[in-house]
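Structure first, then comments.
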Amino acid sequence: SSSSKSSRAEPVMSKQEMQRYDGTNFPWSKEVEQHLRDSFHLIKLRPLQLRAINLTLAGRDLFLVMPTGGGKSLCYQLPAVCSQGFTVVVTPLVSLMEDQIMYLKSTDVPAVMLNASSTKEHSKAVMEGMTDPKSPFKLLYVTPEKIAKSKLLMSRLEKAYKAKLLSRIAVDEVHCCSQWGHDFRPDYKLLGILKRQFPSVPMLGLTATATSSVLKDCEKILCVSQPITLTTSFNRTNLYYEVRIKEPGSDASISDIASLITSRYKEQSGIVYVFSQKDAELVASELQKRGVSAYPYHANMDPKDKSRVHRKWTSNKIQVVVATLAFGMGIDKPDVRFVVHHSISKSIENYYQESGRAGRDDCPADCIVYFGFADIFRISTMVVMENTGQRKLLHMVEYCQNMDRCRRSLMALHFDEVWDDEGCNQMCDTCRHAKDYISVDITQHAREVLQILELAASMDEKVTPLKLVEAWMGKGPAKRRKMIQTTALSRLQAEAVIVHLLLQEYLREDFSFTPYTTNFYIKLGRKALLLKNPTHAIHMNMRECGDRPAVNTSAAKTREEVVSGNYCPAQPQQKLLKEQSNFSQKRDLM
Ligand code: ADP
Ligand code: MG
Ligand code: ZN
């Protein structure tokens, strides 16, 4: 079926033929170059932009897949000014449309829009402009609703088509056509009418969603046969990905972040992403206390304050924005040298987007995420309403807990891409410290955890993740301590074991709603029964240097520096864990 991740059929164009479109000796090449400089004030096209622009100017239908911020818009804006008449751009959101119009105003490229709130006079002027041979605008932005519902618009488009003034049709965020995409919009389903009515007008679909099943679906819905699909890799080779373990309590990680910013990132621009508005205020003020020029940014702020923070950060008058997800759309600062996540993101896709605001100038930049036990459950209760929220969050947790696989390769899975370790080039912490962990048998630990949960269940008690860790570590009520086997694992190790059991489905989450909050509990999972089998064993990777990431590294450092840094020699951790469990048994007997 077309929903499978089947590889694309034989290419529409051979490689050699495709390479011809990287050239600059087409009839339009001079004009393209001139408008790039004089209208858009840009120096150079990015590699795939040139190919896309040549292909669409040659009249081919095109799907363009590039990550957000990759510069898709220019691939229809620049051809628009180099063509007769005007280009229709279908955009899902009025706000996106307004952004584009505002940007184009600054470039002197005439552009107009039509949406539900356009006035009668404005609409009338636009409709007339469409058949004016002098082309008063080069770009016409419309919502899909307008195409679907306005017969007047369709009739004007038809007139323009006959007069050869409809030069091109661009469908932005084209994945909105497909119900398999994450952002389906019903009115996009009706856009096939454009190609059916105007078959000789080249069409351009643009998206950051690379799934081939979604693209195939979009082809059908838009009635384009055999478009050429151009895809840039989502691999951001200049970004260094690192995960750090967050100590319980908020201060340790904030101090860690502050010292990073004041030393490694001294005078460099960055973003610290946080979980909530409250955290934004708190982390910003804690960073300020530690001498960092950091300001909060979140949805609940006065719009004036928001735009002031944004402006000052863009002009390097403040160094760091401490932001919630609200700081996203339209953030386009090229020289962001670090994006630190004070809490994990709710999915790998989110993490990719958020961390991807670093290094837009293609110079090295760092993406560091602080991985804390308690944060998993804070975010879990937040995404509980989303159908796939939990699964996506657990993928993010898996990404963080991972010690042996390249971080990039884990991200690539989510974009239907394969990036091997060579595609990483040691630009992630696991590739740099490939042998920095050991596999540990945690079967006995798992049994202890299960025993606590069984005991609680027998007493009809629910157990929160925090209570579970504390009970296991012997910090619960005294009478309970006598009934369970406590552990001598460190807190971080105990937490890591519980996360592992959750990821492996020995444990599972259990939500309950009160009128005021959502509570998160831990229950026995699908695989818990396996532990009744005395020969069943569970292994997990643990760091050789205890709990903390062994080494401080960054994109800027070489491997040699790293190795001569604070690298901990291997410890016989396996033995250590064994001794600890013996110790804990003894203590229980006391
Ligand atoms: P997308 O739609 O792919 O997310 P945009 O089209 O909004 O990305 O472009 C993102 C940013 O990149 C914009 O600020 C744009 O001006 C900039 N940009 C695009 N092409 C180039 C280029 N060739 N050189 C420099 N900046 C560019
Ligand atoms: Mg875009
Ligand atoms: Zn790697």
Side-chain angles (χ1 to χ4, degrees), residues 32-33 35-37 39-53 63-80 89-93 95-104 106-107 109 139 141 170-176 183 204-210 230-232 234-243 314 328-336 352-353 356-357 359-362 366-367 399 402-413 418-434 436 553 555 559:
V32 167
E33 202 172 309
H35 278 296
L36 178 71
R37 250 191 349 252
S39 304
F40 292 92
H41 316 293
L42 294 172
I43 299 157
K44 199 163 145 270
L45 288 172
R46 294 173 179 156
L48 223 57
Q49 285 178 326
L50 178 62
R51 185 180 283 189
I53 287 169
F63 275 7
L64 191 57
V65 186
M66 279 185 190
T68 306
K72 291 185 285 294
S73 326
L74 193 64
C75 299
Y76 59 81
Q77 288 165 345
L78 191 45
V89 186
V90 182
T91 306
L93 295 176
S95 63
L96 289 177
M97 228 178 246
E98 285 167 345
D99 285 352
Q100 295 260 328
I101 301 274
M102 205 158 76
Y103 165 72
L104 290 168
S106 75
T107 63
V109 173
L139 289 138
Y141 286 84
V171 181
D172 205 3
E173 314 292 345
V174 71
H175 61 277
C176 295
D183 218 5
L204 203 74
L206 309 107
T207 181
T209 301
L230 297 185
T231 313
T232 30
F234 280 57
N235 186 2
R236 301 277 311 276
T237 49
N238 61 318
L239 301 187
Y240 179 77
Y241 295 104
E242 178 179 344
V243 176
T314 307
M329 275 284 198
I331 304 303
D332 194 33
K333 193 175 194 299
D335 59 343
V336 176
Y352 176 84
Q353 292 291 352
R357 303 206 164 96
R360 288 267 169 92
D361 56 5
D362 292 332
D366 293 343
C367 307
Y399 169 90
N402 159 68
M403 282 174 208
D404 55 353
R405 295 188 59 189
C406 170
R407 306 260 180 229
R408 276 194 161 66
S409 71
L410 293 178
M411 280 192 193
L413 290 178
V418 181
W419 305 333
D420 50 22
D421 294 4
E422 269 156 49
C424 185
N425 199 21
Q426 303 241 330
M427 286 291 277
C428 84
D429 53 356
T430 55
C431 283
R432 270 196 200 170
H433 317 299
D436 201 18
T553 53
R559 185 169 171 79

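Start at 1 and go down the list; that is how both ligands and their atoms are numbered. All values reported here derive from a predicted model rather than from experimental measurement. Just so it is clear, the values below take in all heavy atoms, side chains as well, and ignore hydrogens, waters and symmetry mates.
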(message) Please find the pair of heavy atoms, one from R408 and one from L239, that lie closest to each other, and give the distance.
(response) NH2-O, 2.7 Å

(request) Please work out the angle at the Zn ion (ligand 3) defined by atom SG of C424 on one side and atom SG of C406 on the other, rounded to 10°. (result) 110°

(message) Using every non-hydrogen atom in the two residues, find where L74 and P79 come nearest and quote the distance to one decimal.
(response) O-CD, 3.5 Å

(request) Keeping the roles fixed (side chain from S39, backbone from L36), state whether a donor-acceptor pair exists under 3.5 Å. (result) no

One line per pair, note the atom names and distance for all nitrogen or oxygen contacts under 3.5 Å between ligand 1 and the protein.
unit_1	atom_1	unit_2	atom_2	d
ligand 1	3 (O)	G70	N	3.4
ligand 1	3 (O)	G71	N	3.1
ligand 1	3 (O)	K72	N	3.0
ligand 1	3 (O)	K72	NZ	2.8
ligand 1	4 (O)	G69	N	2.6
ligand 1	6 (O)	K72	N	3.3
ligand 1	6 (O)	S73	N	3.0
ligand 1	6 (O)	S73	OG	2.5
ligand 1	8 (O)	G71	N	3.2
ligand 1	14 (O)	D332	OD2	2.3
ligand 1	20 (N)	Q49	NE2	2.9
ligand 1	23 (N)	K44	O	2.7
ligand 1	23 (N)	Q49	OE1	3.0
ligand 1	26 (N)	R46	NH2	3.4

(message) Looking at E33, I want to see if its CD is surrounded by more than 12 non-hydrogen atoms of other residues, nucleotides or ligands under 6.0 Å.
(response) no

(message) Tell me whether D335 is salt-bridged to K333, with the criterion being a basic N under 4.0 Å from an acidic carboxylate O.
(response) yes

(message) Is there a side chain to side chain contact (heavy atoms under 4.5 Å, CB included) between L78 and L45? Walk through the geometry before answering.
(response) CA-CA 10 Å; L78 191 45; L45 288 172; 4.0 Å; yes

(message) Test of geometry: compute the angle SG(C431)-the Zn ion (ligand 3)-SG(C428) and round it to 10°.
(response) 100°

(request) Return yes if some donor-acceptor pair links the side-chain N/O of R236 with the main-chain N/O of G356 below 3.5 Å, else return no. (result) yes

